[in-house]
Amino acid sequence: MVHFTSVKDAGSLDKAVEEAFWIKKNRFADSDLGKNRTALLIFFNSSLRTRLSTQKAAENLGMKVIVLDVQQGAWNLETRKGVIMDGDKPEHLLEAIPVMGCYADIIGVRSFARFENKEDDYQEVILNQFIRYAGKPVISLEAATRHPLQSFADHITIEEFKTREKPRIVLTWAPHPRALPQAVPNSFAEWMIAAGYHVTITHPKGYELDEPFTRGAEIVYDQKEAFRGADFIYAKNWAAFRDPVYGKILNTDRSWMVDNNKMRLTDNAFFMHCLPVRRNMIVSDEVLDGPRSLVIPQAANREIAAQVVIKRILNEISKTERP
Ligand code: CP
């Protein structure tokens, strides 16, 4: 069974981008492919872009879509194994997942890192239970350690706007008042390195990401030095990864915000962020509203990325069902 949880599931990235460009011009060419099929999109966490773009992509392919917000209307789900269920959670994920699998042909799941147990987060306990028990293809709509549909959309966007074959991409940490997961930066770094770009990551000391995601990237602690000559600046906040401060905010140093002075150090770089973004915390208004900001094209490409992935899965389902 095919699932989509990381860059590894995308196969050849050149081919994936080529398919994306084709879909962008032929959005409704496969509107029968998903006929009589249902996509169930399950959200343990809030979403605007992922919810709308994935639903739109599935509908472009002729699918019916059910969206379930676990926190609003579903039974409160127990996720730990082996517990005595005498608390406020009347249903266990172990039953809920195969039940959900009965109603869907493809399941999308959003389940962020909880910062309660690093091992559980980094072993993707929730996502992997869906893969194990749903009996249906699973798409990550952002899990604890990766946000692959976002990274795919970011890749499509860079390919659309780049002016040199292997652009210089800088992923920069920026301040935020709340502790945020590492899924977007992990996934972005991993995907950009796999794409063969020159990748630099800059952050204050203590915010090092998990090394398997960043292997092949240059780490520079001086943000201004990192910005020099960049073609794309990708800003994101994340909480500390390393023990004993996993999931903690180490500082909210406002001097790390991306502003026009820093963007002037680059090679006329484009600015990117996955959204939602905190204005004048992560990035100044002038950069976000400026002519080099790509945040809206990135969001638009979420639909295209999702459509490539869902189309591939629907094709696989059709193949396995052939007599
Ligand atoms: N970028 C992104 O995943 O946005 P949402 O959290 O709104 O889905």
Side-chain angles (χ1 to χ4, degrees), residues 4-7 9-10 20 39-60 65-72 106-115 121 124 126-127 130 138-158 160-161 169 171-174 176-192 213 232-239 258 270-279 281-283 287-288 293-310:
F4 181 76
T5 65
S6 84
V7 67
D9 299 320
L40 173 56
L41 309 181
I42 301 156
F43 289 87
F44 287 85
N45 312 95
S46 303
S47 166
L48 188 149
R49 279 142 292 273
T50 305
R51 169 191 307 261
L52 298 180
S53 61
T54 313
Q55 177 160 358
K56 178 74 167 55
E59 289 177 358
N60 291 350
V65 181
I66 304 171
V67 179
L68 177 67
D69 286 295
V70 173
Q71 315 297 349
Q72 290 170 11
I106 296 176
I107 295 187
V109 186
R110 166 164 284 199
S111 175
F112 290 173
R114 297 178 175 190
F115 291 150
D121 287 344
E124 292 288 6
I126 306 285
L127 182 68
F130 273 91
V138 172
I139 299 174
S140 166
L141 303 178
E142 185 173 345
T145 63
R146 291 181 177 92
H147 193 356
L149 285 176
Q150 179 66 52
S151 307
F152 186 13
D154 297 336
H155 186 195
I156 296 165
T157 311
I158 289 169
E160 283 177 328
F161 285 88
I169 314 287
L171 167 62
T172 180
W173 181 92
H176 194 281
R178 295 184 57 199
L180 298 186
Q182 297 100 19
V184 169
N186 282 344
S187 198
F188 181 75
E190 182 178 59
W191 199 295
M192 294 300 107
F213 294 99
F232 293 86
I233 298 294
Y234 195 103
K236 186 72 184 82
N237 173 268
W238 61 88
V258 178
F270 289 103
F271 175 81
M272 300 180 75
H273 188 281
C274 61
L275 303 181
V277 68
R278 300 249 181 175
R279 283 174 175 258
M281 278 291 295
I282 298 273
V283 57
V287 173
L288 193 57
S293 173
L294 295 183
V295 297
I296 305 305
Q298 281 176 266
N301 280 331
R302 290 293 309 274
E303 176 187 343
I304 306 303
Q307 195 163 329
V308 171
V309 169
I310 296 169

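Whatever order the structure lists them in is the order used to number ligands and atoms, beginning at 1.
A side-chain hydrogen bond (donor to acceptor under 3.5 Å, both in side chains) with T50 holds for exactly one of Q55, R302, E142; it is R302.
Between H155 and W191, the ring-plane angle classifies as perpendicular under the 30° and 60° cut-offs.
For ligand 1, the protein residues placed under 4.0 Å by at least one non-hydrogen atom are S47, L48, R49, T50, R110, H147, Q150, C274, L275, R302.
In this structure, W173 contributes its side chain and W238 its backbone to a donor-acceptor pair below 3.5 Å. Judged purely by atom type and a 3.5 angstrom limit, Q71 uses its side chain to pair as donor or acceptor with the backbone of F44.
The two residues A189 and L171 make their nearest non-hydrogen contact at CB-CD2, 4.4 Å.
Side-chain contact between V295 and V277 is absent, with no heavy atoms from C-beta onward closer than 4.5 Å.
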